[in-house]
Amino acid sequence: MNHDLFSFLPLFLKAAALTIWLSWLALMIGAVAGGFVALARTSRWLPLRVLALLFVEFFRSIPILIVLFFAYFGLPVMFGVDISTFTAATLALALHATATMSEVMRAGIESVGRGQWEAAQSSGMTFAQTMRHVVGPQALKVVLPPSVGVYVTTLKESSLASIIGYIELTKTGLLVRESTGGSFAPLLLLGVLYFLINYGISLAGGVLERRYNVGTKLVLAGGGL
């Protein structure tokens, strides 16, 4: 790593912030939309369960790169609208995150015993109150650990946005590599930054798990098997 590369460090840091923002936004959209899909997957109405299942399996089966190309090149042709690289990348990542998060949330919802649902309903709680006060807090302990993994995956997948020209971390590294004569140092710096970001996310996830006592619950659950 030479002096010239350090002069590009502000660009790398700005690109890292854009990468974190892009992946975080996609995860938040995926978490909200995934919650609705998870409820549809656990619905008693068969057509709704089938539609939700088709959505999940479709977006989990096709490469995210295809979704990204469709969002950036296909939507403008079909609907005559301009799609920015940021919008296309957010949409593609969010759709993939929705499919993944819906399965995580479904597992969390189904981890709550049916008896607690019935007890909440017999006490007069509405569906929203049951989700907020009974099911949600218990499901969160199941949902939280895999959600950290989904975010790490989404952040790494955000590097595909560089293919359509979005200037995130990977694209910045490739541009700097070209401007510095194709040296290896920008790629090394890219690897270090991705490691630091994802390691930080893992540490933050560990703090949240300890705060919500997830580890203890998992150990107790495992001990009962």
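Considering all non-hydrogen atoms of both residues, A26 and A97 come closest at O-CB, 3.9 Å. Listed here is the closest heavy atom pair of A119 and S122: O-OG, 2.8 Å. Taking each heavy atom of A161 and A89 in turn, the nearest pair found is CB-CB, 3.7 Å. For the pair M105 and A31, the tightest heavy-atom approach, listed with the atom from each and the gap, is CE-O, 3.2 Å.
The CG atom of L174 sits 9.5 Å away from the CG atom of L169 when rounded to the nearest 0.5 Å. Atoms OH and CG, on Y166 and L160 in that order, are 14.0 Å from each other to the nearest 0.5 Å. Annotation: the span from S23 atom OG to L93 atom CG amounts to 8.0 Å, rounded to 0.5 Å. A distance of 5.0 Å separates CZ of R41 from CG of L53, quoted to the nearest 0.5 Å.
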Side-chain donor/acceptor pairs under 3.5 Å, residues 184-203, sequence neighbours excluded:
residue, atom, partner, partner atom, Å
Y194, OH, T170, OG1, 2.7
N198, ND2, Y194, O, 3.3
S202, OG, N198, O, 3.0

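Note on V150 and V148: same hydrophobic cluster, where clusters join Ile, Leu, Val, Met, Phe, Trp and Tyr whose side-chain heavy atoms are under 4.5 Å apart, directly or indirectly. Hydrophobic cluster membership is shared by L9 and L11, with clusters built from Ile, Leu, Val, Met, Phe, Trp and Tyr side chains linked at under 4.5 angstrom. Under the 4.5 Å side-chain heavy-atom criterion for grouping Ile, Leu, Val, Met, Phe, Trp and Tyr, I64 is not connected to V56 through any hydrophobic cluster. Put simply, L68 and L18 are part of the same group of oily side chains (I, L, V, M, F, W, Y) that touch within less than 4.5 Å, one to the next. Note on V37 and F58: same hydrophobic cluster, where clusters join Ile, Leu, Val, Met, Phe, Trp and Tyr whose side-chain heavy atoms are under 4.5 Å apart, directly or indirectly.
When side chains are defined from C-beta on, F55 counts as touching T98, because their heavy atoms get closer than 4.5 Å. Using a 4.5 Å heavy-atom threshold, the side chains of L175 and I167 count as touching. Annotation: side chain of L22 is in contact with side chain of T90 (closest heavy-atom distance under 4.5 Å). For the pair F69 and I164, the minimum side-chain heavy-atom distance is below 4.5 Å. Side chains of F8 and T172 form no contact here, defined as non-hydrogen atoms less than 4.5 Å apart. Side-chain contact between H96 and V67 is absent, with no heavy atoms from C-beta onward closer than 4.5 Å. At a threshold of 4.5 Å between non-hydrogen side-chain atoms, the residues L27 and M101 count as touching. With a 4.5 Å cut-off on side-chain heavy atoms, L75 and L91 count as touching.
For residues 100-142, no pair satisfies ring-ring contact (aromatic ring centres under 6.0 Å, His included), with sequence neighbours left out.
Looking only at distances, a side-chain donor or acceptor of R177 sits under 3.5 Å from a matching main-chain atom of S183. Proximity of a side-chain donor or acceptor of S123 to a complementary backbone N or O of A120 within less than 3.5 Å is detected. Between the side chain of T42 and the backbone N or O of A38, at least one donor-acceptor pair lies under 3.5 Å. For the pair E103 (side chain) and A99 (backbone), a donor-acceptor distance under 3.5 Å is absent.
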**OP:** Report the C-alpha distance between F70 and I62 in whole Å, list the side-chain angles of each, state the deciding distance to 0.1 Å, and finish with yes or no for side-chain contact (heavy atoms from CB on, under 4.5 Å).
**Re:** CA-CA 12 Å; F70 177 79; I62 60 176; over 6 Å; no
**OP:** Output, in order, the C-alpha distance, side-chain angles, deciding distance and verdict of salt bridge (Lys or Arg N to Asp or Glu O under 4.0 Å) for E168 and K171.
**Re:** CA-CA 5 Å; E168 41 69 67; K171 184 69 174 180; over 6 Å; no
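Counting non-hydrogen atoms of other residues, nucleotides and ligands closer than 6.0 Å to CZ of F36 gives a total of 12 or fewer. Heavy-atom contacts from other residues, nucleotides or ligands closer than 6.0 Å to CZ of R132 number 12 or fewer.
F79 pairs with exactly one of I83, V77, V81 by the side-chain contact (heavy atoms from CB on, under 4.5 Å) rule, that one being V81.
The ring-ring contact (aromatic ring centres under 6.0 Å, His included) check on F12 picks up nothing, with sequence neighbours excluded.
Ring geometry for W24 versus Y151: interplanar angle over 60°, hence perpendicular rather than tilted (30 to 60°).
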